[in-house]
Amino acid sequence: MRIKRTFTCGELRSKDVGKKVSLSGWVHSKRLHGGLIFVDLRDRYGITQLVFKPEVGEEVFERAKRFHHEDVISVSGTVRLRPKGYKNPKLATGDVEVHISDLEVLNESVPLPFMIEEETTAFEDLRLKYRYLDLRRPPLQRAIILMHHIRQAVRSYLSSNGFLEIETPALMKSTPEGARDFLVPSRKHKGKFYALPQSPQTYKQVLMIAGFDRYFQIAHCFRDEDLRADRQPEFSQIDIEASFVDEEDIYSLIEGMFEYVFKETLGVELKRPFPRMAYKDALSRFGTDKPDTRFGMEIVDITAVVRNSGFGVFRGAVESGGVVRGINLPGCGSFSRRQTDNLIDEARSLGAKGLVLLRSASGGFSSSVAKFLTEEEIRGIRDTLSSSDGDLVAIVADKEDVACRVLGELRLRMAKRLGLVPQNSFNFLWIVDCPMFEYSEEEGKIVASHHPFTSPKPEHMEFLESDPLHVLSRSYDLVLNGAELGSGSIRIHRPEVQRRVFRVLGLSDEEMDEKFGFLLRAFQFGAPPHGGIALGLERIAAIMAGRSSIRDVIAFPKTTSAYALMEDAPSTVNDEQLNELGIRLVEEEE
RNA sequence: GGGACCGUAGUUCAGUUUUGGUUAGAACGCCGGCCUGUCAAGCCGGAGGUCGCGAGUUCGAGCCUCGUCGGUCCCGCCA
């Protein structure tokens, strides 16, 4: 490289006029006017306009004529003020241009599979195959840079609060509980396997026992489960644990961290304290354990209003122990028959038996169902739901969990369609008072709602064995704009309590010793009370960047089938590698 | 494991229903020419297609049927 850059492509301003400068970057675009060539030179800092004139010499001028998109070049030249009327206000460097005197072509580009533009229309599989090109686009550059700033801010905040960053193993013991493990075969111990961490949960608890009373790590985690827009097989957790703390300590620590991170990276001031909501209230008011509180349209109970209704659908649901709940869809009273039919179909596909729609009009309801309702019921429903003329009331009469889930999902979809979801709004919410256990239909047994190291609420401890499903835990979830950022808890730190919880989960003494013996043993040697949280870094970043998928904040994400399109992973390995590990492949059966 | 949508020049799409029918179009990109103030440069010309793949129906399939592969969203799953 003969010409070394003295400035970046986002740097030059009118104060630099007259300077002799060198720039390096990618040929973003070229505008050839015969005897005059403009080139937009781009790097991650911005774009600067280069001007090639014939005076530069035939060799350089002719070479510049042949530039392709995305050639990499270095140039030297003089910064000049652009003539009056030819400044470009869209560019930070738009007041100036560099008149080129020397050129070095560092790499030529073949024709591109898609253009490097602010927004691309290219399909995601193509973008993933040529990820290095997609990553040149400004939105992804901004997202990757934002990730860096978030990581830096998290480290800076936690470090200045006395937290130590400590790494834990990537090769660990497999535990069948929770998500499916990624397994790593052992060469030294043929037939045995490590697992990649789903989270460093037990290690961080052991670190507490070791006396590192404030720990954090931006931990890479792996879960072999199916993917979603917000779920990748590998992701990062901001993993935090502290000793001698209670829930309030964690809340204020984490709120402080987000306050700092948002201020540092986005310049956004967050409102504190974050609101808190009981788990059961979240379910009944929003139909989900991760409510999006950026808009209203809350689920309202009208069971009492229609308990003795002449309308069979309502009365029947109540008589069979169900509920009648509704949401008010503002301005949807003008929906066509087709639109209302679609809504009803949607409700059915979500699991409801049906959906009752009532148009609010002239102080009452304009609906075929209205004739089954008394004046009092109509007024009651309108008042309870705060429904005004022109609105549409959607009601589900069903078992409580079905009614809430269906209405919660309709609420989200309709808010999106009606454009009622405010952008650039960050609504944090703590979900508290979560149940300790839940019954898994599939496994036919009680499982931990959070994880088995979570402490039950002390006042519920006595019902642990007799009524486990009503025991609340000392866990908490953090929700942002309807997305679960993460969860944590105050942990169990006494071996006998941990054994009781394991026993409720159906583990025998032998099983708990085999799987978690190291933790139970550690608890016997002076374990401090402790608790913490783990937060999904990519989900945080995606919301901050305004992206709908965490793939956009990960440099090299996998597809929905967990495949890496750029380098083709996973791939087969040769027999030698398998032999060394003592592994033989089984033929795929039809 | 299940549901929905998508797959046609390098890219994004139209063409698929009503009607299966000669030579599959457009824009951007690419290549060539003209052009000294553009910044979505402009003008003229050109090249570029196993219609994802495989069967089937048919005289004839981009279009109909079945299967399959890939991508995206969702349910299940994610202590």
Side-chain angles (χ1 to χ4, degrees), chain A residues 28-42 47-55 61 65-66 68-70 80 82-91 93-94 97 99 109-130 133 175-181 198-199 201-202 221-233 235 346 349-351 405 409 412-413 436-438 440-443 445-454 473 475 484 487 489 501-502 505 507 515-516 534 536 548-549 551 558-561 563 565:
Chain A
H28 187 67
S29 70
K30 172 186 75 179
R31 292 173 294 278
L32 173 61
H33 293 253
L36 179 67
I37 306 167
F38 297 103
V39 170
D40 286 345
L41 193 67
R42 189 199 72 238
I47 285 179
T48 299
Q49 175 162 282
L50 313 180
V51 182
F52 291 82
K53 291 188 168 176
E55 301 91 278
F61 193 78
K65 273 188 182 174
R66 301 202 315 273
H68 314 98
H69 281 114
E70 300 305 303
R80 300 243 179 106
R82 293 199 192 189
K84 218 173 191 170
Y86 295 111
K87 299 188 194 307
N88 186 348
K90 286 188 231 165
L91 291 181
T93 60
E97 58 194 11
H99 288 243
S109 176
V110 298
L112 302 166
F114 56 89
M115 288 291 101
I116 311 303
E117 295 168 313
E118 175 76 20
E119 290 302 330
T120 183
T121 50
F123 277 121
E124 200 160 354
D125 50 347
L126 197 72
R127 295 171 44 204
L128 287 171
K129 181 172 179 182
Y130 299 94
L133 297 181
T175 51
E177 283 78 17
R180 194 177 291 113
D181 279 328
Q198 301 173 22
S199 87
Q201 182 60 38
T202 48
C221 302
F222 305 83
R223 293 180 187 174
D224 189 6
E225 298 292 347
D226 286 356
L227 287 75
R228 289 285 189 282
D230 63 351
R231 273 163 41 187
Q232 283 272 309
F235 61 99
E346 256 183 288
S349 73
L350 290 168
R405 197 187 66 236
E409 184 58 34
L412 286 179
R413 294 185 186 185
M436 181 80 189
F437 306 103
E438 52 198 59
S440 163
E441 297 282 348
E442 185 166 333
E443 297 173 62
K445 61 171 186 138
I446 285 179
V447 296
S449 303
H450 183 51
H451 59 53
F453 316 110
T454 299
S473 73
S475 72
E484 187 194 314
S487 58
S489 61
V501 169
F502 280 146
L505 292 169
L507 268 71
K515 289 172 179 167
F516 302 109
S548 55
S549 164
R551 289 189 299 275
K558 308 272 190 291
T559 67
T560 309
S561 65
Y563 196 77
L565 283 173

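Letters A, B, ... are given to chains in the order of the sequence lines, protein chains preceding strands, and every chain is numbered from 1.
Rounded to whole Å, the separation between the P atoms of B:G54 and B:C63 comes to 13 Å. Between the C1' atoms of B:C28 and B:G71, the separation comes to 23 Å (whole Å). Between B:A47 and B:U38, the distance separating the two P atoms is 32 Å to the nearest Å.
Here A:Pro452 lies in heavy-atom contact (under 4.0 Å) with a base.
Where A:Pro111 and A:Glu97 each meet RNA chain B at their nearest nucleotide, the meeting point lying more 5' is that of A:Pro111. If you find the closest nucleotide of RNA chain B to A:Lys87 and to A:Ser449, the one lying nearer the 5' end belongs to A:Lys87.
Side-chain atoms of A:Asp125 stay outside donor-acceptor range of the base of B:G7, with no qualifying N/O pair under 3.5 Å. Not a single donor-acceptor contact under 3.5 angstrom links the side-chain atoms of A:Arg223 to the base of B:C77. Judged by distance alone, with hydrogens and angles left aside, A:Arg127 brings no side-chain donor or acceptor close enough to the base of B:G71 to form a pair under 3.5 Å. Side chain A:Lys53 to base B:G37: a donor-acceptor pair is found below 3.5 Å.
Applying the side chain to side chain donor-acceptor pair (under 3.5 Å) criterion to A:Asp40, with sequence neighbours excluded, gives A:Ser29, A:Arg31. When the salt bridge (charged side-chain N to carboxylate O under 4.0 Å, His left out) test is applied to A:Lys87, no partner is found at least two apart in sequence or on another chain.
If you check B:C64 for Watson-Crick or wobble pairing at under 3.5 angstrom, you find it paired to B:G56. Nucleotide B:G70 is matched to B:C6 when pairs are restricted to Watson-Crick or G-U wobble geometry with both distances under 3.5 angstrom.
Each of B:G37, B:C77, B:U36 was ranked by its minimum atom distance to the side chain of A:Asp226; first place goes to B:C77.
For the pair A:Leu112 CG and B:C30 C1', the computed distance is 10 Å after rounding to whole Å. Look at NZ on A:Lys30: it is 16 Å from P on B:C39, rounded to the nearest Å.
Ring geometry, A:Phe114 versus A:Tyr130: the interplanar angle exceeds 60°, so the pair is classed perpendicular (tilted spans 30 to 60°).
Using modelled atom types, one finds a donor on one side chain and an acceptor on the other under 3.5 Å when comparing A:His99 with A:Glu97.
The aromatic ring of A:Phe114 is not stacked on the base of B:U11, since the criterion of ring centres less than 5.5 Å apart with planes inclined by under 30° is not met.
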